[in-house]
Amino acid sequence: MLNSVCSLSIMTQIGLLILVVLGVIKAYLILTTGVCTSTKKLTGKTVIITGANTGIGKETALDLAKRGARVILACRDPKKAAIAKEDIIRESRNKNVFIRQLDLTSLKSVRKFAADILKSELRLDVLINNAGCATIEKKLTEDGLEVQMQSNHFGHFLLTNLLLGLLKKSAPSRIIFVSSMAHSQTNTLDLNNLNSELSYNTGTVYFYSKLCQVLCTRHLAPLVIKSGVTVNCLHPGAVKTEIFRNAPTWFQMVAAVCIPLFFKSAKEGAQTSIHLAVADEVANVTGEYFSDCKIAKTSKLAKDLELAKKLWEVSETFVKLKPEERHF
Ligand SMILES: NC(=O)c1ccc[n+]([C@@H]2O[C@H](COP(=O)([O-])OP(=O)(O)OC[C@H]3O[C@@H](n4cnc5c(N)ncnc54)[C@H](OP(=O)(O)O)[C@@H]3O)[C@@H](O)[C@H]2O)c1
């Protein structure tokens, strides 16, 4: 055996070694991927999922629909949403799936969405702030906010505030922010540059936006704990979705090799969101960051409660939160 390995060319040996290393990594990823094991039904419960027309959001919506929930798909593109709705109803056999138009890059749209929900829905049991994007150039929205920051943080911040009264009325209820381990890729959060006023770097903006979601989770959780509302956030893993659609070509090429090998499917990526939405074991867990259906470590910065408080106040100003829109 040893003789035959030695007789292989050096290139073949390197090739075999690479295959073994890849195999070990893949096996590790399969073994550590968290799966929601709860069989909980959601009959009579209402859930809202932002960005539910594709990727992690769509898989989350499908799972919750299968559990009997009334599922509201909060999507910006009505055509994409209609296709997703059809798929979800067909696969779940649950007709209680509805579309509501929501564009997080417009505070007007967020306010209209929330007003419509408050008018039409008697209850809201789970709000999943899932939508997100990664952009490559600086663009401002109609509100003068940076697109990536508004899609990922400011829009969901306003939405959560506007729906908090209904969530409290429906308690026990749950708020879930789909963040990312990318939150730990920055050592600073410059509140003077939250809207890229001083400088712009696309990666930094994504890291900031995901850190903001962890900090908002930390700040909000104790404020609503007595009302029976839990607030948690999560990293879904590296997931094969459309999130890299705007990435540069070199990244797309690397991704084309890495994604099939190492990335989770969207269904696997949805497991931690589903776990936080349904599992009894997390009913009283709040203010935490999860990965693979377990509490995970955050960066040091993401534990800074003073920073979280300041971020909350600054964000209120950016989204022009009115006194009557505060629910704690
Ligand atoms: N995939 C990963 O590896 C990964 C890793 C860590 C964290 N995440 C987070 O996971 C979440 C879900 O992402 P994904 O991977 O499922 O990506 P995706 O397939 O690109 O889905 C993103 C969803 O968000 C929606 N969206 C984006 N901007 C929006 C806006 N302004 N208003 C309303 N909806 C908007 C998209 O709608 P359209 O289809 O209309 O664009 C889409 O439905 C994101 O928050 C992302 O940051 C993903």
Side-chain angles (χ1 to χ4, degrees), residues 1-37 51 54-60 62-63 130 132-137 148 152 178-188 201-211 213-214 233-276 288-303:
M1 173 74 179
L2 194 63
N3 279 348
S4 55
V5 170
C6 288
S7 65
L8 294 175
S9 77
I10 199 80
M11 290 311 285
T12 313
Q13 287 185 42
I14 291 172
L16 281 173
L17 187 68
I18 290 172
L19 278 180
V20 170
V21 171
L22 291 180
V24 170
I25 296 173
K26 183 74 184 167
Y28 172 80
L29 291 174
I30 290 170
L31 291 172
T32 54
T33 290
V35 177
C36 175
T37 52
T54 187
I56 297 165
K58 185 179 175 190
E59 287 296 337
T60 306
L62 174 60
D63 184 285
N130 164 82
C133 68
T135 54
I136 49 166
E137 55 181 354
Q148 198 173 190
N152 300 353
V178 181
S179 175
S180 168
M181 74 185 298
H183 82 270
S184 61
Q185 298 303 305
T186 174
N187 298 322
T188 55
N201 174 289
T202 176
T204 307
V205 176
Y206 188 75
F207 306 153
Y208 267 28
S209 70
K210 293 291 149 182
L211 175 60
Q213 294 184 304
V214 186
C233 60
L234 67 108
H235 169 58
V239 189
K240 189 181 169 187
T241 65
E242 294 172 29
I243 194 80
F244 305 111
R245 62 184 104 169
N246 299 318
T249 318
W250 68 264
F251 185 93
Q252 306 264 11
M253 284 163 75
V254 176
V257 177
C258 294
I259 285 178
L261 284 175
F262 301 123
F263 279 41
K264 292 179 179 179
S265 66
K267 187 176 177 178
E268 289 167 333
Q271 295 303 306
T272 306
S273 299
I274 298 163
H275 177 71
L276 286 174
E288 295 290 353
Y289 168 81
F290 282 71
S291 179
D292 282 314
C293 302
K294 294 190 298 278
I295 292 178
K297 281 189 184 161
T298 60
S299 66
K300 202 172 153 204
L301 202 57
K303 293 181 190 137

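Just so it is clear, the values below take in all heavy atoms, side chains as well, and ignore hydrogens, waters and symmetry mates.
A pairwise comparison of heavy atoms in C133 and I243 identifies CA-CD1, 4.0 Å as the closest pair. Nearest heavy-atom pair, R245 versus Q252, reported as atom, atom and distance to 0.1 Å: O-NE2, 3.5 Å.
Going from atom CZ of F290 over to atom NE2 of H235 covers 14.5 Å, rounded to the nearest 0.5 Å. Annotation: the span from T33 atom OG1 to Y28 atom OH amounts to 9.5 Å, rounded to 0.5 Å. From S291, atom OG reaches atom NZ of K297 across 13.0 Å, with rounding to the nearest 0.5 Å. For the atom pair OG1 (T12) and CG (L19), the distance works out to 11.0 Å, reported to the nearest 0.5 Å.
T188 places a side-chain heavy atom less than 4.5 Å from the side chain of Y208. Within the 4.5 Å cutoff, the side chain of N130 has heavy atoms near those of the I56 side chain. In this structure, the side chains of N152 and Q148 come closer than 4.5 Å at one or more pairs of heavy atoms. At least one side-chain heavy atom of L22 sits under 4.5 Å from a side-chain heavy atom of F262. At least one side-chain heavy atom of S273 sits under 4.5 Å from a side-chain heavy atom of L234. Side-chain contact between L261 and K26 is absent, with no heavy-atom pair separated by less than 4.5 Å.
No donor-acceptor pair under 3.5 Å is formed between the side chain of E59 and the backbone N or O of S265. Remark: side-chain polar atoms of S179 are not paired, donor with acceptor, to backbone N or O of Q213 under 3.5 angstrom. Remark: the backbone N or O of G203 is paired with a side-chain donor or acceptor of N201 at under 3.5 angstrom. The main-chain N or O of G55 is never found under 3.5 Å from a side-chain atom of E242 such that the two would form a donor-acceptor pair. The main-chain N or O of G34 is never found under 3.5 Å from a side-chain atom of Q271 such that the two would form a donor-acceptor pair. Here the side chain of T272 pairs a donor or acceptor atom with the backbone of D292 at under 3.5 angstrom. Looking at K264, its side chain does come within 3.5 Å of a backbone N or O of P236 through a donor-acceptor pair.
With sequence neighbours left out, N246 forms a side chain to side chain donor-acceptor pair (under 3.5 Å) with no residue at all. Remark: K240 pairs with no residue by the salt bridge (charged side-chain N to carboxylate O under 4.0 Å, His left out) rule, at least two apart or across chains. By the salt bridge (charged side-chain N to carboxylate O under 4.0 Å, His left out) test, K210 is found to be paired with no residue, residues two or more places apart in sequence or in another chain being considered.
By the 4.0 Å N-to-carboxylate-O rule, D63 lies too far from K58 to be salt-bridged with it.
Note on ring orientation: taking the six-membered ring where Trp is involved, the planes of Y289 and H183 are perpendicular (angle over 60°, cut-offs 30° and 60°).
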Let me see the working for K303 and T298 under side-chain contact (heavy atoms from CB on, under 4.5 Å), right down to the final yes or no.
CA-CA 7 Å; K303 293 181 190 137; T298 60; 3.6 Å; yes
Worked check of side-chain contact (heavy atoms from CB on, under 4.5 Å) between N187 and F207
CA-CA 10 Å; N187 298 322; F207 306 153; over 6 Å; no
